[in-house]
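Following: one structure in structure tokens, then a few remarks.
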Amino acid sequence: FIKEKIYGKRVVMALVSTELASTDVDTVKRILKKAKDAAQFKIPVGCQFGSEFIQGLSIEETALLLNIDEEEHPELMEELYKTAKFIKEKIYGKRVVMFAPLYTANECINGCLYCGFSCHNKDSPRTVLDSSQVAADARAIVKQGHKRTLMLCGESPKYPFDSFVDAMVATNAVRDEKGSSIRRINVEVPTLSVSDMKRLKATDSIGTVALFQESYHRPTFAKVHSSGPKADYDFRITNMDRSNKGGIDDVGLGVLYGLYDYKWDTLAMIMHGAHLDKNWGTGPHTVSVPRIQPAKDAPLSHVVPYPVNDKQFKKIVAVLRSEAMRDELLQLGVSQLSAASRTDPGAYSKGEEEKEVQTKVGTTEDEGQFELSDHRSLDEVVRDLMKKGFIPSFCTGCYRSGRTGEVFMNFAKSGAIGNYCQPNALLTLAEYLIDYASPETQKIGWELIGKEMENIPSESRKKSFMKKLDMIKIKGVRDLYF
Ligand code: SF4
Ligand code: SF4
């Protein structure tokens, strides 16, 4: 049932035929034009590249694009990048939404061969944060200027779901001395039952529930998840159906690139999204495409079975924790970015001093889930983004005004989103500049706001934007949005 629901016989044929076909230049050009035209008139949903780009294309057409040979057809790759950039800018403008991951526990009984928190990694120090420790980490994140967090944990009886719910409540209650708080909590937690989904919903602070299938290829999935409850492929792939049943229609999918053939897994993830759209009226809100990162004592992370090179990775566009790659990916269509991330529970509240030493001596944080290669502070990331013409955004407007799931989809499809993202990005950036930015970042930021407010599409929106901006600057009001 699940196989037919998600993959369907027609898709299997498409995959086989595109494997065999050589790149047909004219066909690819026609598909790219179609994608571009679709973006002019129809605004698709999704905070990241994948779901935006495929809008209006069939699975076979998407397969053909993935099948472009990067070495043989650099001109087609260029065309592909240009189209992706056009579509991204058409939909979200220059805004890049910022968030920080918050790990609450790294106890785990699963044996994922690519992860530093795996139960096979006996030497890995384990931490379970209680609610007050989570709150301390959340406070440290808020004090950097973040407004969104992604809360994550491993799967273990030592860290029951109750503890995670308590951690969410504690995070939600955190305020720094300026009164700022986390305004949106996304979660990436192990598979849940419908009743636990309902409990997440009842916290009233839940944003997106994300869960990566890692690989949709069943034999690969079985190989790399050798033990623990995560090895249950069917329970995992139906998690988002239970999320919708439990009342959370804002979900995120993901593939861990490097485990299996990237084309196969990308198409399977798209089919998963199509299944959700068909059955629940809304596809995934986010599509995440991480690539396997080195992790201490995680064998697969050092000998990656299906390595994805940079050119291939640019094709599927990913959020990679590498500054050089990030810059290129931002041009193509990544519209969310984590900054100043820590993957070891409690690391944010350990303080800046320790982090600086680690960076200077060039060590990596190999006790975390993965090594991180971008050690810049949030202030530096924000400044660099602005220098490149992007607008760092701390917006949570849609979630706070109930524009989620199908409502968001209808709203976004009408093309109205641009009139919200741009002013909201600028208002939240203004808050950040006043409350948290260094003088150098402030200078660049105010110049950018002055320039970009001219690009707010409607005149009436521009007027009310100016009023809100004054309230932030002069009266010290916070949390204003459209
Ligand atoms: Fe546990 Fe998640 Fe790591 Fe797997 S990927 S070992 S489930 S923390
Ligand atoms: Fe995201 Fe804000 Fe744009 Fe809504 S308005 S899509 S929350 S950036």
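Every number for a ligand or one of its atoms is a count from 1 in the order of the listing.
Within the 4.0 Å heavy-atom shell around ligand 1 one finds Lys230.
Less than 4.0 angstrom separates some heavy atom of Asn424 from each of these atoms of ligand 2: 5 (S). Counting the atoms of ligand 2 from 1 in the order shown, those under 4.0 Å from a heavy atom of Cys421 are 3 (Fe), 5 (S), 6 (S), 8 (S). Heavy-atom proximity to Cys108, at under 4.0 Å, picks out these atoms of ligand 1: 1 (Fe), 6 (S), 7 (S), 8 (S). Atoms of ligand 2 found under 4.0 Å from any heavy atom of Arg95, numbered from 1 in the order shown, are 1 (Fe), 3 (Fe), 6 (S), 8 (S). In the vicinity of Ser118, heavy-atom distances shorter than 4.0 Å reach the ligand 1 atoms 6 (S).
Distances from atom 3 (Fe) of ligand 2 show that Cys395 has no N/O/S atom below 2.8 Å. For Cys398, the nearest N, O or S atom to atom 4 (Fe) of ligand 2 falls under 2.8 Å.
When non-hydrogen atoms are compared, ligand 2 lies under 4.0 Å from the side chain of Arg148 (C-beta onward) but not from its backbone.
Pairing each heavy atom of Arg236 with each of Thr191, the nearest pair is CA-CG2, 3.6 Å. Tyr436 and Gly145 make their closest contact through CD1-CA, 3.4 Å (heavy atoms, listed as atom of the first residue, atom of the second, distance).
Atom NZ of Lys178 has more than 12 neighbouring heavy atoms from other residues, nucleotides or ligands inside a 6.0 Å radius.
A cation-pi arrangement, defined by a distance under 6.0 Å to the six-membered ring centre and an angle within 45 degrees of its axis, is present between Arg461 and Tyr420.
Phe221 and His225 have tilted rings, their planes meeting at an angle from 30° to 60° on a 0 to 90° scale.
Side-chain contact between Ser180 and Asp435: present, with at least one pair of heavy atoms (C-beta onward) separated by less than 4.5 Å.
Atom CZ of Phe117 sits about 13.0 Å away from atom CG of Asn110, to the nearest 0.5 Å.
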